[in-house]
There are 2 protein chains.
Amino acid sequence: MTTLSDVAKKANVSKMTVSRVINHPEQVRDELKTSVFNAMRELDYRPNVAAKALVNNRTQIIKLFILEDMDTTEPYYMNLLTGISKELGKEQYALQLVTEHHFDIGGCDGYIVTGMRHSDYEWLQRLERPVVLFGENRLEFDYCDTDNTLGTKMATEYALKQGYQQVIFIGINVKEPFEYSREAGYMMTMQKHQLPTEIKRFSNHSHLAMEYIQSQWSQLKPNTCFVCASDRLAFGVEKALNLFNADIPNDFGVIGFDGVFLNQVATPKLTTVQQPIFELGVQCARMLLAKIAKDGQPQGIEQLAPTLSIAGSTRNDNL
Amino acid sequence: MTTLSDVAKKANVSKMTVSRVINHPEQVRDELKTSVFNAMRELDYRPNVAAKALVNNRTQIIKLFILEDMDTTEPYYMNLLTGISKELGKEQYALQLVTEHHFDIGGCDGYIVTGMRHSDYEWLQRLERPVVLFGENRLEFDYCDTDNTLGTKMATEYALKQGYQQVIFIGINVKEPFEYSREAGYMMTMQKHQLPTEIKRFSNHSHLAMEYIQSQWSQLKPNTCFVCASDRLAFGVEKALNLFNADIPNDFGVIGFDGVFLNQVATPKLTTVQQPIFELGVQCARMLLAKIAKDGQPQGIEQLAPTLSIAGSTRNDNL
DNA sequence: GGATATGGTGTTAACGGTAACAGGTTTAAG
DNA sequence: CTTAAACCTGTTACCGTTAACACCATATCC
C-alpha cells in the first residue's frame, strides 16, 4: 500500500501538501498540485480509510434501521439497499443493517431509518448523529420518499382517461402520512373531475382485499377501476376478480402501487405506480452524507416522481 | 468517548495491559483483569474501531458481490443480507454491496460472493483477500449453501408418501452444481423406490413452466406431483393447472424450492423446500471471519439442511 | 547462591492521516 | 523603501490502538 508519505517523497513535497491537495486543493499552487496528482497516479495511491476515520473521529459507518417487519415488504428493500450502498460506497462509507431494536453497539456517523411509525418518534429524536428517514413524515425529520400524492394522481387520471366510470380507492388502514398522501392524490383528482369518491381500507394483506371483492361482487358495476395503495392489495383485488372470471381489463381495471416484484407475478400483470426505489436509496444516502458534512444541518425533503408502469390490468389506448 | 487510556488510569495500569485484557487475556493476572473489566464497565468503554483497524492494517469492511441479476431472485437476498450483516456487526465489520463488476475501489478484509457462474472463476481466483461463496461449487472455494440434494430428497419422499403415483421433476436448465444436486436428490429417491424418472428443464421463469403444462395437459395423468427446482417454476406449474381447473392437491401436487415470498402468494400456497437463508448468511459471515482470523486458511464447506414447508399445493395426512 | 528461565507489566514507536501553528516568500499599500 | 497582509508550504503533535521489546520480580536449577 502506498501512503501519503510515499506520494510526498515522489513529488518532493511534504505529507501535508499531499493531504491538502486532497482535502483543500484551493490552498495549493497549481504547479505542485499537478505534480502531486501525477505522483498519486503513478503510485496508485488510495487513501487509508481507517487512518482518516481515526483522525477525523469518524467511523465511516452508516446504520440502516429497518423498523417494519421485513417479511411483509421484503422485495422492496433490496433495491433500496443497493441504492444506498452504491452511493455510500463512493465516499468509502460502509453500511450496517439494524433490524431489531438492539442496542446501538459501536458508533456510526449517521442513520437512515425506514419504516418509521409514529411511536418510534421519541427514540429517534434521541439519536446523537444525523438522521435521514426513508418515508414521509410530518415531523421535523429530513426525508426522501416517492411523491405519493403524485402517484395516485397519475393512477386516477389514467383510470379516468381509459374511460372507467367508477374509480374506487383501496387503501391501507394505517394512520401514516404516506397513506394520507396517497388518498389525497385520489381525492383531488376525483374532485377535479367532479366525480364521487369511494375509499375502502384494509390491512395490507392481499386476502383482505380479496375477501372484500368477493363479498361485494354482486354490487360491483362493470367499468370500474380499483386504484390501490399497494401492489399487495391490488394483487388481492385481481385474484378475486379472476375467481369470478371477470373481464380484466375491459370490465374492471386494477392499479397497484409499488412496482416491486408482485406486479410482475400477477395475471394479468399489474398496472402500477412504480416507485424509483433505487434512486430513493441514492438520494437518502446523498442527503445523509451532506448532512454529515454540514455538521447536522437540516437538509429538507426530497420527493421523487414515480412512473406509471402500464400493464395488462388496465385498458390501454395503445394496444 | 472513553479510550484505553481512560480505562488504564481508572484501573491503575498501563494502556497496554488494558489492550491485553481485550486481546490476550491469558497474559494478564486475574486480579488485574477483573479490575480492568470493572473500569471498562464503569466508563462504558467501546474500542475505537478505526484505531484498531489502522494498526492492524484492516479495513473492517467485507464486500458482498452479487453477481446474478438481482431482479430475478430478488426477494431472496434480503434475508441473506440480514444474516450476513448481523453476524458481521458482532465483530464490528461493515458490509459493502457490489452489484456491478465495477472496480474494486477501496480495500476490504474479505469477500462473500453469491451467484457465481463458472465463467466468474478466473477473476475470483485473483482476489487477494479471503473469499467465501454463497452457493455450491465444485472448485476449491469455501462455501455455504443449502443441502440441495437433501432438499429434493425430502420433497420427493414427501410426494411419494402422500401417494402421488408419478413424480416429475421440473428443473432449471443451467449447468450449475446447485441444479445437479437438486436433480440428484430427486433421481436417488426415485431409484430407491424403483420408480421411473422424468425431468424437464426450463429457464427459471414461471411462464415457461406454465406453457409446458398447457402444452402437455392432455397427456398429464392425475395423481402426479411436480417437484420443481424453484418456486418460480412451481408457481408457473400451479398457475397452468389452475387454468384447467385441475384439482390441486388431490389430482396434482406441486412442490417448490426456495421458500421466499413467492410460495406465499401462490394459490393454493406452495409446499416448498424452505432454505434457511438467514442462517446461511450467518454461516457465510462466520466462515469468512474465521478465514480472516486464520490468515486465509481453507475453511471447507457448510451445508445446512432445508425444511419442508407444507402448504396447500400437496395432499397432507394431517388435514 | 549465582545463573537461568518464566511470567507479568510498562515503555516506545509505529499505523496513515490531519489540524494548528510556524516560517518563508510574494504582493499590496503607504 | 519599509511594513503589513496574503499566500504557500513545512513542522509538530496527536487521533486510539497494538507489536516488539525492555524490565523486574519470582521460581527453578545445578
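In what follows, every chain begins at residue 1, and chains take the letters A, B, ... in the order their sequences are listed. Atom set for the values below is all heavy atoms of this structure, side chains included, hydrogens, waters and symmetry mates excluded.
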Rounding to a whole Å, what distance do you find between A:M40:CE and C:dG16:P?
-> 17 Å
Under 3.5 Å, side chain of B:D147 to main-chain N/O of B:Q303, donor-acceptor pair present?
-> no
State whether a side-chain donor-acceptor pair under 3.5 Å links B:T114 with B:Y77.
-> yes
Charged N-O contact under 4.0 Å between B:K175 and B:E179 | no
Note: for B:V28 and B:V55 on DNA chain C, the residue whose nearest nucleotide lies more 5' is B:V28
Just how far, in rounded Å, is P of C:dG16 from CG of A:N48?
-> 7 Å
Verify whether one side chain among A:E176 and A:Y180 offers a donor that lies under 3.5 Å from an acceptor in the other.
-> no
5' to 3' contact window, DNA chain D with chain B (heavy-atom distance under 4.0 Å) = D:dG16 to D:dA20
Can you check the A:Q27 CD to C:dG23 P distance for me, whole Å?
-> 19 Å
Can a donor-acceptor pair be found between the side chains of A:Q96 and B:S85 at a distance below 3.5 Å?
-> no
How would you label the contact of A:N57 with the nucleic acid (heavy atoms, under 4.0 Å): base, sugar-phosphate, or nothing?
-> nothing
Would you call the rings of B:F65 and B:Y111 parallel, tilted or perpendicular if under 30° counts as parallel and over 60° as perpendicular?
-> tilted
For B:E87, enumerate each residue passing the salt bridge (charged side-chain N to carboxylate O under 4.0 Å, His left out) test, keeping only those at least two apart in sequence or located in another chain.
-> B:K90, B:R286
Positions of residues 29-39 of chain A (non-hydrogen atom under 4.0 Å from DNA chain C), listed by number | none
Will you find, in the side chains of A:E136 and A:S181, an N or O donor that is under 3.5 Å from an N or O acceptor?
-> yes
Report the residues that fulfil side chain to side chain donor-acceptor pair (under 3.5 Å) with A:Q60, sequence neighbours left out, ordered by chain and then residue number.
-> none
Identify which one of A:N79, A:V282, A:L304 satisfies the side-chain contact (heavy atoms from CB on, under 4.5 Å) criterion when paired with A:P276.
-> A:L304
SB check B:R117 B:D120 (cutoff 4.0 Å) | no
Give the rounded distance in Å between these two atoms: CD of A:Q92 and P of C:dG17.
-> 12 Å
Is the gap between the ring centers of A:Y143 and A:F134 under 6.0 Å?
-> no
Within residues 4-20 of chain A, residues whose heavy atoms come under 4.0 Å of DNA chain D | A:V13, A:S14, A:M16, A:T17, A:R20
Bend of the helix from C:dG1-D:dC30 to C:dG30-D:dC1 from end-axis comparison, five pairs per end, nearest 10°, comes to 50°
Would you say A:E140 has more than 12 foreign heavy atoms packed within less than 6.0 Å of its CD?
-> yes
Any B:N56 side-chain nitrogen or oxygen under 4.0 Å from OP1 or OP2 of C:dC15 | no
Any side-chain N or O of A:H24 under 4.0 Å from OP1/OP2 of C:dA19?
-> yes
